*Asks:* 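Structure incoming, see below.
Computed from a prediction, not measured in an experiment: that's the story for all the values here.
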2 protein chains.
Amino acid sequence: MSISEEPARPAGAAAAHRNIPPASLARLTIYLRALGTMLADGVERVSSDELAEATGVNSPKVRKDLSYLGSYGTRGVGYEVSYLSGHIAAALGLTQNWRVAIVGAGNLGKALAGYPGFGSRGFEVVALLDSDPLVVGQEIGWLRVSPVDVMETVLERTRANMAVLSVPADVAQGLCDRLVACGITSILSFAPVVLQVPDHVQLRKVDMATELQILAYHAQRARVSDIADQARARLAE
Amino acid sequence: MSISEEPARPAGAAAAHRNIPPASLARLTIYLRALGTMLADGVERVSSDELAEATGVNSPKVRKDLSYLGSYGTRGVGYEVSYLSGHIAAALGLTQNWRVAIVGAGNLGKALAGYPGFGSRGFEVVALLDSDPLVVGQEIGWLRVSPVDVMETVLERTRANMAVLSVPADVAQGLCDRLVACGITSILSFAPVVLQVPDHVQLRKVDMATELQILAYHAQRARVSDIADQARARLAE
DNA sequence: GAATGTGAACCCATTCACAGCG
DNA sequence: CGCTGTGAATGGGTTCACATTC
């Protein structure tokens, strides 16, 4: 609850303007990354055209997306990189620190724990959990893998407020339930199953099988079209 | 080209009905997985309601999605699991075998190579490539890691027709270009950068940073709403 | 002059209700 | 009678043009 509802905000709320459409939200994270590299390169100003070029979207879309946050540009000039970057980060809620627990320290969990852009933007991995006795106790980066048995204790001690599930499909729902019971309300799952969570919990899924199958569909279509093209070409002779 | 065009198909094409809307396409892969586990459980028939329940969508949506493939259900009864499963697989182009090259054999690449549901549905990992001399030569599953230097040779020998990019951001575009030059037209990238590819290449991106930031946005909004709720509650007293 | 910000038009996706069929 | 399949209505996202501002 309280998500997806918009009960006529009493106005005057500091950050968090009107709610951002999901499609725009996803793109804002991309703009943010592009702005980050520009900032690192010492670029000071950017136009919607340039930002569009860098992120692979078109410029009206960029402007519309940015307009959901408010007017942070200068007409005739463009956007100041650091200023815009800061405002997007604030709108996304990246000014506070998010403490992430990674459940499942297999290859995927290890890869995620070592993910560079992770620590940077307000995210910190505070716990790594696994059920395998051979993995428990291993040091990954600055962290030691804890046993999942004591997940509840670890989550409380580390005050984690987000979780990543990188475990096999058959144990995902059980662990997900335990995370929810611990009060975690933001979960990113890599497990190839549909997970059930209460309404107040935000669950996002990354699914490689889905992605590959979508690619397969398009590749197949391209092949079929090619064959059709060839057939037409032959007929045209 | 030839993708996203629909030049009045001359009718009579075997598989590949009219093109499936992207949103439906993504869900079809989920139905397919659910049907797979049902099949394994010996379930023979399923209704749109049950399939909806299992996949977390609503039943009219399920029916509409399935209707894009044609009429494979029986009114008053439901769908035969194996029959429907087969038709979805065919529509997605999973009847042929896709040979996937994984570029980048770090933790992520290794995790992907070992991904279980991978080999199952028409996908086979045929090559694993890395630039690190310490990683090259390692055996992961049934595969030996090859040096990226000879990527072109390996791709040709293995007749790979799909690629997964699991490499750091700064080398992703270069490797992507080389994949395209090799004739690869389907690429799944895990690198946190915007990649430029020609129109005829299908590129999909999985981006953990984006996912976490979207979660952060919602979590922050929930928090803000909660505070607002509390304020309202206090005022109401 | 140049580029932002936005209302209006357009297009795709979801929802709904119900006709059609076993 | 039950459940599928689908047109029609609704809602959200994208595109476009242009008024607006520096």
*Asks:* Distance check: side-chain N/O of Ser48(B) vs OP1/OP2 of dT4(D), anything under 4.0 Å?
*Replies:* yes

*Asks:* For DNA chain D, whose closest nucleotide is more 5', that of Pro21(A) or that of Gly73(B)?
*Replies:* Gly73(B)

*Asks:* In whole Å, I'd like the distance from the OH atom of Tyr72(B) to the P atom of dT6(D).
*Replies:* 12 Å

*Asks:* Take atom CD of Glu80(A) and atom P of dT4(C), then tell me their distance rounded to the nearest Å.
*Replies:* 14 Å

*Asks:* What is the distance, to the nearest angstrom, from the CD atom on Glu50(B) to the P atom on dC3(D)?
*Replies:* 9 Å

*Asks:* Would you say that more than 12 heavy atoms from the other residues, nucleotides or ligands in this model lie under 6.0 Å from the CD of Glu53(A), or not?
*Replies:* no

*Asks:* Taking Glu211(B) first and then Arg204(A), would you say they form a salt bridge - that is, a charged N and a carboxylate O separated by under 4.0 Å?
*Replies:* yes

*Asks:* With a 3.5 Å distance limit and no angle check, can you tell me whether Trp98(A) reaches the backbone of Gly93(A) through a side-chain donor-acceptor pair?
*Replies:* yes

*Asks:* Determine, for nucleotides 14-22 of chain C in 5'-to-3' order, which nucleotides have protein heavy atoms under 4.0 Å from the base (write B), from only the sugar-phosphate (write S), or from neither (write -).
*Replies:* SBBB-BBBS

*Asks:* Starting the side chain at C-beta, find the nucleotide from dT4(D), dG5(C), dA3(C) nearest to Ser47(A).
*Replies:* dA3(C)

*Asks:* Send over the distance from Tyr83(B) OH to dT4(D) C1', rounded to a whole Å.
*Replies:* 14 Å

*Asks:* Is any side-chain N of the basic residue among Glu124(B) and Arg99(B) closer than 4.0 Å to the acidic one's carboxylate O?
*Replies:* no

*Asks:* Whether the side chain of Thr74(A) engages the backbone of Val77(A) through a donor-acceptor N/O pair (distance < 3.5 Å, no angle test) should be reported.
*Replies:* no

*Asks:* Between Tyr79(B) and dG5(D), does any side-chain N or O lie under 4.0 Å from OP1 or OP2?
*Replies:* yes

*Asks:* Would you say the side-chain atoms of Ser186(B) pair up with the backbone N or O of Gln202(B), donor to acceptor, closer than 3.5 Å?
*Replies:* no

